[in-house]
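Chain naming here is simple, since letters A, B, ... match the order of the sequence lines and numbering starts at 1 in each. The model shown is predicted, which means the values in this text are computed figures rather than measured ones.
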Amino acid sequence: MTLPANAQHALDAFSAAEGWENRARLLMQWGAQALPELPEALRDEAHRVAGCETAVWLNVEVHDERLRLQAASDARLIRGLLAVLIARVNGLDREALKGIDIHAWFDQLGLARQLSPSRTNGMNAVWQRILTASR
Amino acid sequence: MLPSPWRPDFPALSVMEAAGLTYLDSAATAQKPQSVIDALTGYYTAGTANVHRAGHAVGERVTEAFEATRGTVARWMGAADPAEIVFTRNATEAFNLVAYGLEHRFSAGDEIVISALEHHANLLPWQQLAARSGLTLRVLPLHESGHVDLEQAATVIGDRTRLLAVSQLSNVLGTWQPVQDLIALARQQGALTVIDGAQGAVHQRPDVHALGCDFYVFSGHKLYAPEGVGVLYGRTEALAYLRHWQYGGEMVRHAEYHRADFNPAPLGFEAGTPAIGAVLGLGAAIDYLFRLDPAGVRAHEAALLETLLRGLRTREDVQVLGSPDAALACFTVADVHATDLAYALSEQGIAVRAGRHCATPLYQHLGASGAIRVSLALYNDTEDLDRFFRALDKALNLLK
Ligand SMILES: Cc1ncc(COP(=O)(O)O)c(C=O)c1O
């Protein structure tokens with residue numbers, strides 16, 4: 001399966017990064033530059049992802065059968081995690097979304113630990129919400 | 001360099017150290033000394049049995065050990081009688097037991113008083129009781145330092161107050177609360193008193209007799225004992241106010257199809273098979289604490305906290321919440337999100353806690369979205385703090 005172009009960029013960049021510091025720097029860069037930002041006006045209770053200690057807002061829309069995601073968070077590294085998550089699934093149709101193994105994706109980026117159930121960063125909750133909302 | 005003479009008693013510390021992990025999250029749950037692990041292994045190896053029921057020799061031996069632990073706990077915390085010690089699953093269950101057990105004594109318009117810094121465990125059972133019974137929940141305000149304001153407390157605690165439930169040591173601010181004075185205020189009004197000792201009991205051996213409280217609550221797992229056991233101390237007269245709340249085996253004295261009567265405390269509040277192994281482990285943990293020099297432990301923990309606070313305060317932009325007296329400190333850093341900081345610390349093997357520490361209303365009150373909590377136990381040393389500060393500097397360097 002070919003990756004969306006943005007996902008391929010992420011994979012190239014993160015595979016080349018060594019050590020947690022470089023990965024963290026990349027995450028911050030992706031969070032600042034590549035996150036489809038949810039407009040301020042939509043950061044309300046309805047868009048807030050429950051289950052994150054840190055406030056995370058997410059909007060899932062489907063246009064012409066394609067997923068369109070926007071997200072926001074005040075935490076820079078969380079924004080980065082959201083950006084690489086969204087890079088993997090944005091623009092996919094429902095069928096393609098079903099085939100995504102999100103753990104494998106984070107693992108490829110060297111970020112597997114960020115999806116562990118004990119994390120309060122909420123990436124698991126975000127992923128569940130994407131799946132539910134796109135059904 | 002301040003080594004901990006008790007560190008070698010805790011095998012997990014060297015295992016974690018070998019894995020590059022620094023454990024500074026003991027306020028969430030503590031590591032266990034070898035003697036507690038041995039007690040658990042010994043119990044399961046020598047043969048388990050259910051307590052209070054079996055007529056056989058194994059059952060007798062286990063029941064004896066179980067009841068002896070009740071005696072150990074009673075002696076340790078200054079209770080007058082082992083029957084004043086009820087084993088629960090944890091502190092949370094103890095608060096719920098008291099809230100449900102006392103429900104019948106309160107009526108609409110009565111007031112329950114808590115403080116602004118309570119853990120959810122000592123907030124929600126009262127909040128929900130108030131909602132069920134039309135009571136008013138009143139909240140004691142804090143000084144800037146993170147201590148309950150006694151002057152204001154004297155005006156909040158009044159003739160409608162029926163119950164006061166406050167924490168002895170804050171799990172967010174690390175502040176010892178003036179519980180003695182608060183208990184006196186409540187008693188003047190004839191109110192019952194509940195002390196949350198979940199953090200306090202770990203850093204100062206409780207003396208319920210001196211405190212004069214009606215109930216005192218703590219969890220085994222923070223006190224170097226296994227999870228699955230908590231303690232509700234209740235003064236004999238106060239325990240008698242409680243209605244039974246969970247029904248089943250062990251707590252019943254006589255049962256027929258259509259009626260039953262029940263045991264008094266403590267067994268009447270221990271429905272079903274208790275966490276026998278965990279209770280025996282708690283006994284071993286307290287035996288362990290009995291063997292330590294309390295002044296030595298206190299001095300060690302005080303020196304660690306001082307080192308921690310000094311290190312935090314000398315760093316620019318680091319803001320410590322309140323004025324911690326013991327055990328832990330929470331801090332924020334200007335323009336750095338606590339979650340990002342936690343991420344960077346965790347990547348470096350530092351186990352601290354980020355978030356709101358089960359005290360969301362307190363954080364709303366402080367106007368902070370979250371903080372990092374560094375918490376200490378008797379097995380920590382300054383080496384742990386050095387590693388923490390090196391990691392913190394690296395993290396700040398990256399995030400700023
Ligand atoms: C002050 C305080 N009270 C109550 C509790 C609840 O303890 P447990 O979760 O063991 O019931 C905690 C634990 O986090 C605490 O710190």
Engineer: Does the side chain of B/Gln348 pick up a donor-acceptor pair with the side chain of A/Glu21 at under 3.5 Å?
Structural biologist: no
Engineer: For A/His47, is the NE2 atom crowded, meaning more than 12 foreign heavy atoms sit under 6.0 Å from it?
Structural biologist: yes
Engineer: Are there more than 12 heavy atoms of other residues, nucleotides or ligands under 6.0 Å from atom CZ of A/Arg79?
Structural biologist: yes
Engineer: Chain A heavy atoms under 4.5 Å from B/Ala338: which part of the residue, side chain, backbone, both or neither?
Structural biologist: neither
Engineer: Counting neighbours of CD on A/Gln8 that are heavy atoms of other residues, nucleotides or ligands and sit closer than 6.0 Å, is the number greater than 12?
Structural biologist: yes
Engineer: Heavy-atom distance under 4.5 Å to chain A: side chain of B/Leu341, backbone, both or neither?
Structural biologist: neither
Engineer: Check step by step if side chain to side chain donor-acceptor pair (under 3.5 Å) holds for A/Arg113 and B/Ser346.
Structural biologist: CA-CA 10 Å; A/Arg113 281 180 58 214; B/Ser346 140; 3.1 Å; yes
Engineer: Give a yes or no answer on whether the side chain of A/Arg76 reaches the backbone of B/Asp340 with a donor-acceptor pair at less than 3.5 Å.
Structural biologist: no
Engineer: Any non-hydrogen side-chain atom of B/Tyr343 less than 4.5 Å from a side-chain atom of A/Ile78?
Structural biologist: no
Engineer: Just wondering, more than 12 heavy atoms not from A/Asp44 lying within 6.0 Å of its CG?
Structural biologist: yes
Engineer: Is there a side-chain contact between B/His337 and A/Leu77, using heavy atoms and a 4.5 Å cut-off?
Structural biologist: no
Engineer: Counting heavy atoms not belonging to B/Arg89, are there more than 12 under 6.0 Å from its CZ?
Structural biologist: no
